[in-house]
There are 2 protein chains.
Amino acid sequence: MSTPLNPACQNCKDRFSSIFCKADHSNLELIDAAKVCSSYKKGQVIFHEGAYPFGVYCINDGKIKLSHSGDDGREQIVRLVKAGDIMGYKALLSNERYTATATALEDSSICFIPKDLFLNVLQKDASLSFEMMRILSSELRKAELKITHLAQKPVRERLAETLLFIKETYGLEADGHTLNVRLSREEIANLVGTATESAIRLLSEFKKDGMIELEGKKIRLLDMPEIIRTANLHD
Amino acid sequence: MSTPLNPACQNCKDRFSSIFCKADHSNLELIDAAKVCSSYKKGQVIFHEGAYPFGVYCINDGKIKLSHSGDDGREQIVRLVKAGDIMGYKALLSNERYTATATALEDSSICFIPKDLFLNVLQKDASLSFEMMRILSSELRKAELKITHLAQKPVRERLAETLLFIKETYGLEADGHTLNVRLSREEIANLVGTATESAIRLLSEFKKDGMIELEGKKIRLLDMPEIIRTANLHD
DNA sequence: CGCGTCCAATGACTTGCGTCAAGCGCAAAA
DNA sequence: TTTTGCGCTTGACGCAAGTCATTGGACGCG
């Protein structure tokens, strides 16, 4: 949507953590030639639920949320995307419309890879498609775990897990405690699957209990109970 | 676990609806030669959450449930498997232990395909692996939709969706109304993600409202409201 | 500068739904 | 037959959590 500058994939800082680290060199060059890199501002929508996909997006830099909008308009965040990740592959592979909306959580730089090229490379490159299956399996595993927790665990516990999940996904700032992303209380609630007020109240409780510190949108993790460890969404 | 009889894949009645309809002929023969077919009795466990996978299972005949057991021991059913479907691929592809337990809902006949062979064929056969990705994408889509509904919809609505989902999965009996599977109330509850008593109460309500008929484990669908249609778990 | 908007926070109220407990029918075992 | 046990059903109760409403602070804008 703006400022295309197309950095070479080979130089991409997340080259080795992304799916494409498995791709053959020649295929990487093909992708490199065809991709279009754009930057998006915080809050901007990259693609919309219901639209037809024309390719996949690879995050060069930034953070994205993928969310469903429920029938009553409430949003449910189903995935957090970081640099090196790709998104939009689900709709592409099943040849359907997007089931989620992608919105930038901060200013981001994102490469677009056209559908035909991506599918062609996927056909030719067995290790790339194997990696793709690995990613899909992992996402499916996380989703099924989330289903179980949503059905069985109280909000308090789910919120705690969510905070740890955010930590696993985006990591911590230099101080070693602050979550390296700014989310509104509403976004946190939509990630947990609860009402905004409930999320706020429980965050206050966590703070009172000395588990976290709050400063605006900054959240610092102090003593998150170990119990959660066994049940979180790690890879 | 019993009665191996190994019917040829080429003759399998679900040959054309399964993932293997996309596989190359020569690869199909390889699989045919290596697979082991067994029959399982109702209630029998095919594989257990936490165990290491040694291959994938392809349902020849029967019905299976895949379920997580929550920390408190409560079961959450995450998938219903039917003839022609495969299961166990997620653990295999991500090279982790099973995250779910597979239990036969009725007497079933299931083929086992060894890990190495399956992965090899997957490497060689692009259209098979593409089909695999399609399946994974579709499962992921359903899982994300279920997450949204669990987070946002009341139990009554989720139960109605679940009944329609069962219908989509296993179909109806000859009378055109009765769900073609027998599930306990507890299993229905574990599919919906609610307490058994709630499921029972709401089923009674549905009956009183003339939406369904109940006769033991038989459930006949009469007038399920159209509203649900837009939000169900179809393919 | 004051005004409006957005978001966080908290209190009060309501309720969906989970838990507990008791009764019932049916089928297998003794 | 009686007994035992299991799954289904219904009622009563309590609480977690959702909804509604108010306040206050931060920020941008005319």
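Numbers restart at 1 for each chain; the letters A, B, ... are given by sequence-line order, proteins then strands.
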Categorize K207(B) for me: base, sugar-phosphate, or nothing, with a 4.0 angstrom heavy-atom threshold over every strand shown.
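Here K207(B) touches no strand at all.
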Under 4.0 Å, counting only non-hydrogen atoms across every strand here, what does T196(A) touch: a base, just sugar-phosphate, or nothing?
nothing
Find the distance [X]:[atom1] to [N]:[atom2] and express it as a whole number of Å.
| X | N | atom1 | atom2 | answer |
| --- | --- | --- | --- | --- |
| I200(A) | dT22(D) | CD1 | C1' | 14 Å |
| L202(A) | dT10(C) | CG | P | 12 Å |
| E197(B) | dA22(C) | CD | C1' | 12 Å |
| K208(A) | dT10(C) | NZ | P | 9 Å |
| L203(B) | dT9(D) | CG | P | 8 Å |
| E205(A) | dA9(C) | CD | P | 14 Å |
| K217(A) | dC6(C) | NZ | P | 13 Å |
| E215(B) | dT9(D) | CD | C1' | 17 Å |

- prompt: So does R79(A) pair up with E139(A), basic N to acidic O under 4.0 Å?
  reply: yes
Notebook entry, point to check: Is any side-chain N of the basic residue among R156(B) and D209(B) closer than 4.0 Å to the acidic one's carboxylate O?
Noted result: yes
Can you tell me if the side-chain N/O atoms of [X] get under 4.0 Å from OP1 or OP2 in [N]?
| X | N | answer |
| --- | --- | --- |
| R185(A) | dA9(C) | yes |
| T194(B) | dC17(C) | no |
| S204(A) | dA9(C) | no |

Stacked cation flag K63(B) on Y170(B), 6.0 angstrom / 45 deg
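Judged by the rule (NZ or CZ under 6.0 Å from the ring centre, within 45° of its axis), K63(B) counts as positioned above Y170(B).
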message: Restricting to non-hydrogen atoms, name the atom on H68(A) and the atom on T99(A) that form the minimum distance, rounded to 0.1 Å.
response: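 Minimum heavy-atom separation between H68(A) and T99(A): CD2-O, 3.0 Å.
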Should the side chain of [X] and the base of [N] be counted as holding a donor-acceptor pair, with the cut-off at 3.5 Å?
| X | N | result |
| --- | --- | --- |
| E186(B) | dC8(D) | no |
| R201(B) | dG16(C) | no |
| R74(A) | dT19(D) | no |

Compare all side-chain heavy atoms of L221(B) with those of I219(B) and state whether any distance is below 4.5 angstrom.
yes
